Asks: 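Supplied in structure tokens, the structure appears directly below.
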There are 2 protein chains.
Amino acid sequence: MSIDDTLTKAILPESELPTAWYNIAADLPEPMPPHLHPGTKEPITVEDLTAIFPPALAEQELSTQRYIDIPDEVRAIYAIWRPTPLIRARRLERELGTSARIYYKYEGVSPIGSHKANSSVAQAYFNHEAGVKRLTTETGAGQWGSALAFACAAFGMSCEVWQVRASYDSKPYRRMLMETFGATVHASPSELTQAGKAMREQFPDTTGSLGMAVSEAIEAAVTDPANARYSLGSVLNHVVLHQSVIGEETLKQLAMFGEDQADLVFGCAGGGSNVAGLSFPMLRENLAGRTTTTIYAVEPSACPSITQGRYEYDHGDVAGMTPLMKMYTLGQEFVPPPVHAGGLRYHGMSPMLSHTVNLGLVKGLAVEQTQAFEAGVLFARAEGLVPAPESSHAVAAAVAEARTRTSEADACSIVIGMSGHGQLDLPAYQEYLSGAMV
Amino acid sequence: MSIDDTLTKAILPESELPTAWYNIAADLPEPMPPHLHPGTKEPITVEDLTAIFPPALAEQELSTQRYIDIPDEVRAIYAIWRPTPLIRARRLERELGTSARIYYKYEGVSPIGSHKANSSVAQAYFNHEAGVKRLTTETGAGQWGSALAFACAAFGMSCEVWQVRASYDSKPYRRMLMETFGATVHASPSELTQAGKAMREQFPDTTGSLGMAVSEAIEAAVTDPANARYSLGSVLNHVVLHQSVIGEETLKQLAMFGEDQADLVFGCAGGGSNVAGLSFPMLRENLAGRTTTTIYAVEPSACPSITQGRYEYDHGDVAGMTPLMKMYTLGQEFVPPPVHAGGLRYHGMSPMLSHTVNLGLVKGLAVEQTQAFEAGVLFARAEGLVPAPESSHAVAAAVAEARTRTSEADACSIVIGMSGHGQLDLPAYQEYLSGAMV
């Protein structure tokens, strides 16, 4: 194909909204190591998972079916903002003097400003279908919490969020966003759960962690089995599944630009759902021999699960209430420093993404926080869009690569996973600009 | 045409991005009363205007040419986010039990989150073409200031913003956004200009006003004639012109939904550029006898220029440095209470919009602040999108109208001008939800 050099933004009509989620479990060269029951250490069953999830999500978690239909009710809500644009960052290219063609898949056009709504709407729908009245969850920077708050409002369910204290204190706007949608928000660890109380006793000065908040949210759900279920915003297979709409759309949009493939993909990785959602449909194409895309999962140096962690069975939370999952992990009790990319402060990593990394199908890369914000400011001044601090990690890695490519012989296509905008993270940019960030 | 009941969001391909701005001056049944020179009181000339604006914008301000080509460089930047979506608010319709079909034209997908970038990019371009190195401006809530900061970054110009103190103090995020783009921001009135000093002497406790900030920004520009020009984010004819892309796109998108016309249009009116940009292409269709759209300019009860002001010649600023313009005004020294919709706190109103109101072509409507936020929360919970407080005024008026329409006989199409999202205005929503707002 020849590159369309006149196009800035590829937008798909609503009729091109994906009708099915893509499940890479169907195409993996080696099957995923199973999740294990935290008590028996046996492979977990759909039935086991229904203690915390509704049946449909429990099935999706263990499914190896290649495509799973997206219910019409979910597509109707996706249609408010999806398909999202794939935008060529022409002004950034010029700024960098690169021969690379840089594209970003922009999930910040969603009502809540990030990709998280792709899974929250699906999760709220399947819970609502199963008669669940109340969803509990954890959130870091608040992106997932606001996504679930929005989805619960859409289905008339109540929503209770435990937010990592570091973010609860430093980022009040996302709490306000959750409350505007009608959700209740607690700083975690809280006094409301046994798990929270125990953690406060053990670590009185803790700024919290996603692992702690997960324990609290699960406890709140399992102690109200008649009404409540728990909902997780990343890490799990069914979340990665829901996010596959990002990559499916991107493939079609790259073709609109005349690109045969993304040569390089950079996505940020906290729990892993953004980079996995963007890249797994591309990995499917790689595995089928149709493309040769190199995929990078970019994480912060301060919480380097993939690049510094071990690939082993670990819990997804601090209290050990989740299944044991084989993943890259820094250990369930690891409390990362309060870096500004709150969504990337997780001790573990999506087991599905971890498996593909372990098989050599996806590469890990760590980026320093200041390097991420430097790239974020560069991007903002060139393209007008202030990236979410999480996304800025992917931008930084892409920028570093693009700078090495200056000749026509080096030209390639780069896709950045722009998971969201950073308008609610501006105090972090302020800190960077003032020179106070370390 | 028959209505397409399957479509949620009409999106136009980049090839449908308007190629020209529409100037309603060409089609008005009576010509606009001219702007007058503040000294001579004679009709102002293009030459007079070049003291503060570059030649191209000075010409646009007085032009009666129907269509003015959008330069390729401006369209290339518009293409980052335009055409913007027209979305059917199906969930809101259901919530209201209305037979009306409610659409909103969503400008919040722009990188800075509002419609203001439509004019800032154009203004920065024409200034850059004229060799201007530095732009000065005023801003209320910060939407215009961040739009101009973004546009100046795009063309490598420096940007200096005087922000109304009420917003500077209560909405730090937009200041941070401007600074992220590289702009310098001062609270107005400041000590940096003669106008600012005089106002601080006269009103030591003032929270500022757009009229004061305009005076400061103009003074800063005219005292640096070799490098600087002034830029205004609303009110003037050339700003209204640039915003016409909103309405041109909306007309095409209504046709995609199978609508012959918008029966009712509600847009918020501070300086008037949003509602004028949305509705003037529709008014062109009305004047040509092709449609019968009713257009409402919705303003806050606390700053009711159209509904309570007089239609007379007044200055656009406090110090009397702007031309005299015939418009609905509360008087150049009117200081509105610090309502949260900072973008609507202006004593006057676009002369072009005022003229159409005076001719009976557009209707004025005032909405209480709490009514606006009530509608904003309702909209957020139904559609997932938190409207900018400014836009919420239009939402409130549309909701009130839709509630009166419950039978099939009452069915009609309603278009809301969603000028931006409210993610940087969440403290105002918080105040509303807590019951503290009056």
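Order of the sequence lines sets the chain letters (A, B, ...), proteins ahead of strands, with each chain counted from 1. This one's a predicted model, so the numbers in the text were calculated from it and none came from an experiment.
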Asks: Show the numbers, then the answer: is there a salt bridge (charged side-chain N to carboxylate O under 4.0 Å, His left out) between A:Arg88 and A:Asp5?
Replies: CA-CA 10 Å; A:Arg88 181 148 173 206; A:Asp5 256 318; 2.9 Å; yes
Asks: Any side-chain to backbone donor/acceptor pair from A:Glu383 onto A:Leu92? Under 3.5 Å, distance only.
Replies: yes
Asks: Anything under 30° is parallel, anything over 60° is perpendicular, the rest tilted; go ahead and classify B:Tyr173 against A:Tyr173.
Replies: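 B:Tyr173 vs A:Tyr173 ring planes: parallel.
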Asks: Sort out for me which of B:Leu12, B:Ile112, B:Val109, B:Thr6 touches chain A most, counting heavy-atom pairs under 4.5 Å.
Replies: B:Ile112
Asks: Does the side chain of B:Thr84 come under 3.5 Å of the side chain of B:Glu107 through a donor N or O and an acceptor N or O?
Replies: yes
Asks: Heavy-atom pairs under 4.5 Å with chain B: which of A:Tyr429, A:Phe150, A:Phe181 has the most?
Replies: A:Phe181
Asks: With a 4.5 angstrom heavy-atom cut-off, which part of B:Ala89 approaches chain A: side chain, backbone, both or neither?
Replies: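 Looking at B:Ala89, nothing touches chain A.
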Asks: Just how far is it from atom OG1 of A:Thr8 to atom CZ of B:Arg82, taken to the nearest 0.5 Å?
Replies: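 The distance works out to 14.0 Å.
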Asks: Give the member of B:Leu424, B:Val386, B:Ile77, B:Ile87 that has the highest number of heavy-atom pairs under 4.5 Å with chain A.
Replies: B:Leu424
Asks: Quick check on A:Ala149 against chain B: is it the side chain, the backbone, both or neither that has a heavy atom closer than 4.5 Å?
Replies: neither
Asks: Here's a test for you: under side chain to side chain contact (heavy atoms under 4.5 Å, CB included), which of B:His115, B:Lys105, B:His393 qualifies with B:Ser419?
Replies: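 The passing option is B:His115.
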Asks: Given a strict heavy-atom distance threshold of 4.5 Å, which part of B:Pro85 is in contact with chain A: side chain, backbone, both, or neither?
Replies: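 Interface part for B:Pro85: neither.
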Asks: Taking A:Ala153, A:Ser15, A:Ser110 one by one, which has the highest count of heavy-atom pairs under 4.5 Å against chain B?
Replies: A:Ala153
Asks: Flag the one option from B:Arg174, B:Gln423, B:Arg175, B:Glu179 with the top tally of heavy-atom pairs under 4.5 Å to chain A.
Replies: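 Among the listed options, the one with the most contacts to chain A is B:Gln423.
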Asks: Scan side-chain atoms only and decide if B:Gln163 and B:Lys171 contain a donor-acceptor pair under the 3.5 Å cut-off.
Replies: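 Absent: no donor and acceptor within the cut-off.
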Asks: Would you mind reporting whether B:Trp144 and B:Leu148 have side-chain heavy atoms less than 4.5 Å apart?
Replies: yes
Asks: Between B:Trp81, B:Tyr106, B:Tyr432, which shows the greatest number of heavy-atom pairs under 4.5 Å with chain A?
Replies: B:Trp81
Asks: So for B:Ala79, is it side chain, backbone, both, or neither that comes closer than 4.5 Å to the heavy atoms of chain A?
Replies: both
Asks: Please flag which part of B:Arg381 lies under 4.5 Å from any non-hydrogen atom of chain A: side chain, backbone, both or neither.
Replies: both
Asks: Is B:Glu95 in contact with chain A via its backbone, its side chain, both, or neither, using a 4.5 Å heavy-atom distance?
Replies: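 No part of B:Glu95 comes within 4.5 Å of chain A.
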Asks: Less than 4.5 Å to any heavy atom of chain B: does that hold for the side chain of A:Leu433, its backbone, both, or neither?
Replies: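 Side chain only.
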Asks: Pick one of side chain, backbone, both or neither for B:Phe379, based on which atoms fall under 4.5 Å of a heavy atom in chain A.
Replies: neither
Asks: Does a donor on one side chain sit under 3.5 Å from an acceptor on the other, for A:Gln253 and A:Tyr103?
Replies: no
